Amino acid sequence: MCSGSAFLQRWMFMLCSLIPCTGEILAHTLKAFMELMEHDFVSWETLSAAFIKKIVSYVNMNAMDASVQQLSMSILENMVPSSRVLFELVKKEVTVDRLLTHLQVTNVQLQLKATALLIALLLAATDAERRVWGSGQHWGANIIHSSEPLGDEMAHYLYVLQSLSLNLHEHRMRTSMDPYSQEQRDLLQSLRQAAFESENDAPAGTFSTERRRSLCAKEFRKLGFMNNSNPAEDLRRAPPGLLALDNMVYFSRHTPSAYSRFILENSSREDKHECPFARSSIQLTLILCEILHIGEQCSETAQAFYPMFFGQDHFFEELFCICIQLVNKTWKEMRATQEDFDKVLQVVREQITRTLTLKPTSLELFKTRVNALNYSEILKLRQTERLHQEETLAVPVLELRERLKPELLELIRQQRLLRLCEGTLFRKISSRRRQDKLWYCRLSPNHKVLHYGDVEEGVHSPPIESLTEKIPVADMKALLVGKECPHTKEKSSGKQNKDVLELAFSIVYDVEEYCLNFVAPTRYEFCLWTDGLNVLLGKEMTSERTQTDLDILLSMELKLRLLDLENISIPDNPPPVPKPPSNLNFCYDFSHAEQ
């Protein structure tokens with residue numbers, strides 16, 4: 001009786017002798033060999049180089065039976081992970097181009113085996129070798145666009161292919177910026193030069209070293225770096241590390257007009273309203289890494305791949321270019337300030353994840369859909385989901401909601417009037433320029449008179465007696481907002497101040513229709529005051545804050561009312577009322593008890 005190794009040698013000799021044979025006999029022989037190796041009688045490492053080359057030749061032949069090629073690729077797939085020597089041999093003999101040819105055929109099983117072999121080679125390869133072969137975006141394109149439905153196995157293979165390709169970014173993601181690296185510092189400086197090219201045209205020696213350093217710091221601040229004197233510090237956090245810098249540089253070089261527009265548009269805004277490009281880019285890169293699971297091990301069962309990944313060069317960088325412009329768009333839609341940074345990025349994360357669930361087939365389609373999913377749409381979706389979650393679509397709950405509304409609206413009215421009684425500090429704005437003069441306005445405790453007057457800097461809540469001017473509420477005729485206000489119709493330098501326009505309101509009072517003009521310090525104060533004044537005028541509260549507050553109060557009240565009904569299904573229709581009894585003899589007769 002021969003040993004396993006000797007038996008294998010005889011088998012390989014017999015297989016090599018079948019080289020001229022094709023079709024069914026060769027297929028059965030290869031299948032028998034596979035079953036023999038699955039029993040682990042011998043190691044894959046005992047296979048000779050000549051035998052491996054013969055198996056590879058079946059894969060590389062053009063005119064070869066498909067079943068033979070499938071079995072040959074299965075043998076190679078099992079062989080590659082067993083040792084580095086076998087991996088090197090297979091990698092040398094089976095080219096990536098040849099595997100791509102197999103991926104372009106219509107035979108689904110052949111595609112499946114070719115993809116499995118490709119993944120086995122990628123898993124055994126180093127990151128450097130994977131980069132030489134390419135990032136994989138084109139490998140699955142033919143499969144994705146095939147008319148045949150994808151099976152679970154192929155979906156998993158595409159997920160693994162996508163994960164391996166995206167994980168090529170892991171090294172840069174986990175590498176912090178080295179402030180002493182000239183290459184990295186040059187990349188950082190290229191961002192500043194691309195944004196402020198005209199300002200960097202001055203010849204060397206024009207400015208002193210201190211003056212030039214000051215100009216650079218100013219420009220880095222405009223770029224949105226938090227540490228403008230040493231912007232490398234912003235990139236010390238890893239992740240996202242140098243990957244964030246790579247993305248910013250890619251955006252500046254491949255879409256220079258969009259990059260310049262982003263920077264210049266935000267440079268012209270007030271400091272509190274500008275969207276910081278660098279800070280947003282760093283956080284967005286981290287969000288994309290989390291969404292795409294960069295740096296995580298491949299799951300053994302996952303099938304979640306994105307069709308738009310395949311067939312797209314520089315997928316991650318191009319996705320970043322779309323999403324960083326989305327950040328700026330959402331920032332403007334939310335009228336955000338620096339304090340709202342985390343809130344804006346949270347909305348952007350939601351926009352991206354919701355769009356990815358739609359499985360767009362290209363980045364262009366992703367761009368169209370994610371831009372259509374604006375902030376107002378996100379709010380609507382959140383509201384709808386909250387309604388579903390709270391089972392407020394049930395008819396009885398909707399009726400309860402309508403019954404609660406008047407009571408809660410009255411609560412909001414009282415809160416608005418209390419805010420007016422506390423008063424607010426306003427700034428005076430002339431038609432020429434912003435003034436530093438302050439004035440204060442508050443409602444009397446009996447809600448009958450508005451008191452106002454000038455105050456000094458540092459006075460936050462002056463007593464009502466110190467406010468010399470007053471308007472009886474009975475004399476108030478109307479409330480004007482925005483463009484309707486007389487003080488917004490006065491143009492300065494031929495251009496309306498957008499911020500003032502959004503925060504302006506006026507009270508029309510007395511028979512002569514005088515106006516008391518306001519510019520609220522914040523949008524929140526604007527909502528409270530316009531609501532409160534509408535209450536005094538006997539009108540509906542119309543600000544967006546009213547609806548937000550009402551939704552929050554309704555949600556809290558409904559949860560409290562329905563607490564005892566948790567996990568109990570609420571019927572849409574009430575149960576039928578039973579018929580009255582035939583007689584009422586069951587009633588207790590109190591007359592007998594008195595006797």
Side-chain angles (χ1 to χ4, degrees), residues 1-125 133 139-140 142-143 146 148 150-154 156-157 161:
M1 189 170 181
C2 62
S3 66
S5 179
F7 180 76
L8 184 63
Q9 293 294 331
R10 292 182 183 179
W11 191 278
M12 287 190 292
F13 175 78
M14 181 185 72
L15 189 60
C16 291
S17 68
L18 289 172
I19 293 302
C21 301
T22 56
E24 191 174 353
I25 297 175
L26 188 55
H28 284 303
T29 306
L30 292 172
K31 187 175 182 181
F33 175 78
M34 273 292 296
E35 291 178 356
L36 174 68
M37 296 304 293
E38 285 173 0
H39 285 82
D40 294 329
F41 287 131
V42 290
S43 170
W44 287 96
E45 297 179 25
T46 59
L47 300 178
S48 67
F51 174 77
I52 294 171
K53 289 182 180 180
K54 295 301 180 185
I55 298 296
V56 169
S57 68
Y58 299 148
V59 176
N60 290 336
M61 283 184 187
N62 291 323
M64 176 55 69
D65 186 83
S67 60
V68 173
Q69 290 187 321
Q70 291 172 32
L71 288 163
S72 299
M73 284 188 277
S74 291
I75 292 171
L76 296 177
E77 178 199 347
N78 285 278
M79 188 187 303
V80 165
S82 60
S83 77
R84 182 71 188 179
V85 175
L86 291 176
F87 161 73
E88 292 289 349
L89 185 57
V90 174
K91 183 187 74 169
K92 181 181 177 181
E93 298 295 332
V94 181
T95 63
V96 173
D97 290 339
R98 186 59 194 162
L99 286 177
L100 290 177
T101 304
H102 289 303
L103 291 176
Q104 293 169 1
V105 300
T106 56
N107 188 318
V108 176
Q109 286 301 313
L110 198 57
Q111 283 184 341
L112 198 63
K113 296 301 180 184
T115 308
L117 176 55
L118 178 61
I119 288 173
L121 287 166
L122 289 171
L123 287 171
W133 287 341
W139 294 341
N142 189 67
I143 301 171
S146 172
E148 296 290 330
L150 293 177
D152 291 345
E153 193 174 4
M154 180 57 82
H156 174 68
Y157 284 156
L161 200 58

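Any value given below was found using the heavy atoms of this structure, including those in side chains, with hydrogens, waters and symmetry copies removed. As the structure is a prediction and not an experimental result, all values here were calculated from the model.
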Handout entry: Check: Met79 and Ile52 side chains under 4.5 Å, non-hydrogen atoms
Key = yes

Handout entry: Atom of Asn60, atom of Val94 and distance for their closest heavy-atom approach
Key = OD1-CA, 4.5 Å

Handout entry: Rounded distance [0.5 Å steps], OG1 in Thr29 versus CG in Leu71
Key = 10.0 Å

Problem - Counterpart residues, salt bridge (Lys or Arg N to Asp or Glu O under 4.0 Å), relative to Glu88 (two or more places apart) - result: Arg84, Lys91

Exercise for the section: Report yes if some heavy atom in the side chain of Leu89 is under 4.5 Å from a heavy atom in the side chain of Val56; otherwise report no. Expected result: no

Practice task
Determine the interplanar angle of the Phe51 and Phe33 rings, folded into 0 to 90°, and report it as parallel if under 30°, tilted if 30 to 60°, perpendicular if over 60°.
Solution key: tilted

Problem - Exercise: identify the closest heavy-atom pair between Tyr157 and Thr115 - result: CB-CG2, 3.6 Å

Practice task
Using the test side chain to side chain contact (heavy atoms under 4.5 Å, CB included), find all partners of Ala66 that sit at least two apart in sequence or belong to another chain.
Solution key: Gln70, Asn107

Handout entry: Close side-chain approach of Glu153 to Leu112, heavy-atom, < 4.5 Å
Key = yes

Practice task
Go through the steps to decide whether Leu30 and Ile55 satisfy the test side-chain contact (heavy atoms from CB on, under 4.5 Å), and finish with yes or no.
Solution key: CA-CA 9 Å; Leu30 292 172; Ile55 298 296; 3.7 Å; yes

Handout entry: Point-to-point distance, once rounded to the nearest 0.5 Å, from OG of Ser67 to NE2 of His28
Key = 8.5 Å

Completion exercise
Exactly one of Gln111, Met73, Lys113 clears side-chain contact (heavy atoms from CB on, under 4.5 Å) with His102, and that residue is Met73

Handout entry: By side chain to side chain contact (heavy atoms under 4.5 Å, CB included) - contacts of Ala124 (at least two apart)
Key = Val80, Phe87

Handout entry: Ile75 and Met37, any side-chain heavy atoms less than 4.5 Å apart
Key = no

Fill in the blank from the handout: So CG of Leu121 and CG of Leu76: to nearest 0.5 Å the spacing works out to 8.5 Å

